[in-house]
2 protein chains.
Amino acid sequence: MTTASKPRTAAKAAAKIPMRDFSQSLPMSLLRTRESVMRHFRPSLRAHDLTEQQWRILRALAASGEIEVTELARVAFLLGPSLSRILRDLEGRRLIERRLLKADLRRSVVSITSKGLKLIEAVAPTSEAIYAEMTKRFGARKLSDLQALLHELEAALLAMPAADGAEDDLFDR
Amino acid sequence: MTTASKPRTAAKAAAKIPMRDFSQSLPMSLLRTRESVMRHFRPSLRAHDLTEQQWRILRALAASGEIEVTELARVAFLLGPSLSRILRDLEGRRLIERRLLKADLRRSVVSITSKGLKLIEAVAPTSEAIYAEMTKRFGARKLSDLQALLHELEAALLAMPAADGAEDDLFDR
DNA sequence: GCAAAGTGATTAACATGTTAAGTGATTGTG
DNA sequence: CACAATCACTTAACATGTTAATCACTTTGC
C-alpha cells in the first residue's frame, strides 16, 4: 500500500499566489526525467565502481584524447572543484594520467590510460544496449524531437540575460 | 583565445567502440538544459538565502498544506536523508513547523509557517517573471511540447525493467 | 627587471546526492 | 502477548555541487 492511499490533506489552498503547479515546473520535469533515465544506467556503472561523473570524464577523454583540465570541465559539464577531486581519484586508480605543459606550468593535460580504455570497453556494451532499449521503447523519432527541443531551449536561454538577483530593487534606479 | 583554438589532438579515435557522441547523450542534454534553466533562477533564490531544494520544499508545502515527511520527499523529489537535513535547517529558521502524529509516533507532518509563506510571496513574483520570459522566448507551444515529451519519456522508462548491474556477465561462471 | 594584475588549477567550507546503518514505533504472527 | 519483521525517519559516511579563497605561475605596465 505504499502508493495506495493519498493524503487527505488535499488543501492546495495555502498559497495566495497560485504559481504553476509545482510538480510540472520545467526544472522539476527535467530533473525527474533525467533521473528516470539515469536510474537505468547507474546499476551498470556501479557494478564497475564508477559514478556517473567518473564515467562522463572517461567518456570525454576517450573521445578527445589528451585534453586540458579546463576544457575537460567544459565538455564533461563539471565544475573545476569537482573535477579536481575526481581526477585525483581516477589518477590514483590509474585510469587516467596527467602531465604538465612545458609551455605553461599552470596547465596540465589529462589522458585516459589503457586500463581506463579497457574499463570503457567493458561498460560500453551494456550502456549501448540500455540506450538502444530506451530508444526502442520511446521511439527514435520522438527521442530526436526531444533532443532538438532541449537544444533549442538551451540556446534560447543562453541568449536570455541572466537576472542578477538584485532585481529592480528600489534603490538602483 | 580561451575558446578559439580547439585541441589539435582531434583524435576521437582513441575509443574502439564508437558510442554516441558523448555531448549529445540524453542524460547530458537533460543536465545541460536543466542547468541553463536553473542558471536564471538561482540568483533570485540566492538573494533570499534559499537553495533550489529549500525552495522546492517551501513550494511543495505551500501547495499542499500539512504533509507527511515521506510524501513531501516524493513531491519535492528529494531523498529522505537530504530532506531530513533540510527540514532541520528550515525548522531552525522558523520557515516550517513539524508535529508528531498521535496516531503513529513514527510519523510527523510538516507545514509552512507564516514566515515561510511571506518568503514565498517575496520570491514568487520574480520567479514567475523569469518563467514568463522563458516561455515568451522559447514559445509556449514548444514549451508544452517539451513538457509532454519529457512526461512520455518518463512514463516509457518507468515501464522499462531496471537492469540490476549483474547483466548476463559471460565471465562470472 | 619587478611589482601588480590576471589566469589555471586546487583547496576549503558547506549543502546536497546517495547508499547503508541505526533508532524508535508499529504490526503481524505464532 | 512476546517478538521478529516492517516501517518512518534520522544519522553516518563518502562523493559531488557550489562559491570563495588560495596557490603557483604568467602576463602586463611601468
Side-chain angles (χ1 to χ4, degrees), chain A residues 1-5 7 27 31-32 34-35 38-39 41-43 45-47 49-57 67-74 76-93 96 98-110 164-165, chain B residues 1-5 27 31-32 34-35 38-39 41-43 45-47 49-57 67-74 76-93 96 98-110 162 164-165:
Chain A
M1 50 128 191
T2 331
T3 58
S5 64
L31 183 58
R32 271 204 312 263
R34 181 169 198 277
E35 179 55 31
M38 287 312 302
R39 193 171 64 85
F41 288 110
R42 264 192 271 273
L45 293 178
R46 186 172 176 69
D49 265 302
L50 284 175
T51 65
E52 186 191 329
Q53 293 82 356
Q54 292 167 349
W55 176 242
R56 290 217 299 271
I57 290 173
I67 186 176
E68 290 184 20
V69 173
T70 299
E71 178 69 3
L72 179 56
R74 196 184 62 77
F77 208 70
L78 292 169
L79 294 180
S82 295
L83 184 55
S84 266
R85 285 179 303 222
I86 300 174
L87 289 181
R88 189 206 308 146
D89 176 76
L90 293 179
E91 191 174 25
R93 292 159 68 180
I96 64 155
R98 268 190 281 202
R99 73 179 173 77
L100 289 175
L101 279 182
K102 294 188 189 69
D104 186 340
L105 295 181
R106 291 170 305 184
R107 302 171 192 236
S108 60
V109 291
V110 186
D164 55 14
Chain B
M1 57 143 191
T2 330
T3 57
S5 64
L31 183 59
R32 271 205 311 264
R34 181 169 198 278
E35 179 54 30
M38 286 313 301
R39 192 172 66 85
F41 288 109
R42 262 192 273 272
L45 293 178
R46 187 171 175 71
D49 265 302
L50 285 174
T51 66
E52 185 191 329
Q53 293 81 358
Q54 292 168 348
W55 177 240
R56 289 217 299 271
I57 291 174
I67 186 175
E68 291 184 18
V69 173
T70 299
E71 177 69 2
L72 179 56
R74 195 183 64 76
F77 207 70
L78 292 169
L79 294 179
S82 294
L83 184 54
S84 267
R85 285 180 303 221
I86 299 173
L87 289 181
R88 189 206 308 145
D89 175 76
L90 293 179
E91 192 174 24
R93 292 159 68 179
I96 65 154
R98 269 192 279 203
R99 72 179 173 78
L100 288 176
L101 279 182
K102 295 188 186 68
D104 186 342
L105 295 181
R106 292 171 304 182
R107 302 169 191 240
S108 59
V109 291
V110 186
D164 56 13

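In the text below, chain A, chain B and the rest are named by the order of the sequence lines, each starting its count at 1.
Close to C/dT11, at under 4.0 Å from its OP1 or OP2, lies a side-chain N or O of A/Arg88. Taking 4.0 angstrom as the limit, A/Arg106 places none of its side-chain polar atoms (N or O) nearer than this to OP1 or OP2 of D/dT22. One finds a side-chain N or O of B/Gln53 lying less than 4.0 angstrom from the OP1 or OP2 phosphate oxygen of C/dG17. The phosphate of C/dT16 has OP1 or OP2 within less than 4.0 Å of a side-chain N or O from B/Gln54.
For B/Ile86 and A/Val69, each mapped to the nucleotide of DNA chain C holding its nearest heavy atom, the one lying further toward the 5' end belongs to A/Val69. Summary of the strand contacts: A/Leu105 and B/Glu35 both lie near DNA chain D, and taking for each the nucleotide with the nearest heavy atom, the more 5' one is attributed to B/Glu35. Residues A/Thr51 and A/Lys102 both approach DNA chain D. Their nearest nucleotides, taken by heavy-atom distance, put A/Thr51 toward the 5′ side. Where A/Leu87 and A/Glu52 each meet DNA chain C at their nearest nucleotide, the meeting point lying more 5' is that of A/Leu87.
Using a 4.0 Å heavy-atom criterion, one finds that B/Leu83 contacts no nucleic acid atom at all. Among the atoms of the strands shown, only primed sugar atoms or phosphate atoms (P, OP1, OP2) are found under 4.0 Å from some heavy atom of B/Leu78. At a threshold of 4.0 angstrom between heavy atoms, the contacts of A/Ser84 include nucleobase atoms, whether or not backbone atoms are also involved. Among the atoms of the strands shown, base atoms are found under 4.0 Å from some heavy atom of A/Ser82.
B/Glu35 has a carboxylate O that lies under 4.0 Å from a charged side-chain N of B/Arg42, or vice versa, which qualifies the two as a salt bridge. Ion pairing of A/Arg74 with A/Glu71 is present here, as a side-chain N (NZ or NE/NH1/NH2) and a carboxylate O approach within less than 4.0 Å. A salt bridge links B/Asp89 to B/Arg93: one of the charged nitrogens lies within less than 4.0 Å of a carboxylate oxygen.
Taking atom CG of residue B/Leu90 and atom P of nucleotide D/dT10, one finds them 13 Å apart after rounding to whole Å. As rounded to whole Å, 11 Å separates atom P of D/dA15 from atom CZ of A/Arg46. Atoms CZ (B/Phe77) and C1' (C/dT18) sit 13 Å apart, rounded to a whole Å. Rounded to whole angstrom, the span from the CG atom of A/Leu50 across to the P atom of C/dT19 amounts to 14 Å. For the pair B/Glu71 CD and D/dA8 C1', the interatomic distance rounds to 14 Å; values are reported in whole Å. One can place CG of A/Leu79 at 15 Å from C1' of C/dC14, the figure rounded to the nearest angstrom. In this structure, B/Arg74 atom CZ and D/dA8 atom P are separated by 14 Å, rounded to whole Å. Computed from coordinates, the A/Leu45 CG to D/dA15 C1' distance equals 14 Å when rounded to whole Å.
Counting only heavy atoms from C-beta on, A/Arg107 has its side chain closest to C/dG8 among C/dG8, C/dG17, D/dT18. The side chain of A/Arg42 has C/dT18 as its nearest neighbour among C/dT18, C/dA15, C/dT11. For B/Arg98, taking side-chain heavy atoms from C-beta onward, the closest of the listed nucleotides D/dT16, D/dT10, C/dG17 is D/dT10.
No donor-acceptor pair closer than 3.5 Å links the side chain of A/Arg107 to the backbone N or O of A/Glu68. For the pair A/Arg98 (side chain) and A/Val110 (backbone), a donor-acceptor distance under 3.5 Å is absent. Using modelled atom types, no side-chain atom of A/Arg32 and backbone atom of B/Phe77 make a donor-acceptor pair closer than 3.5 Å.
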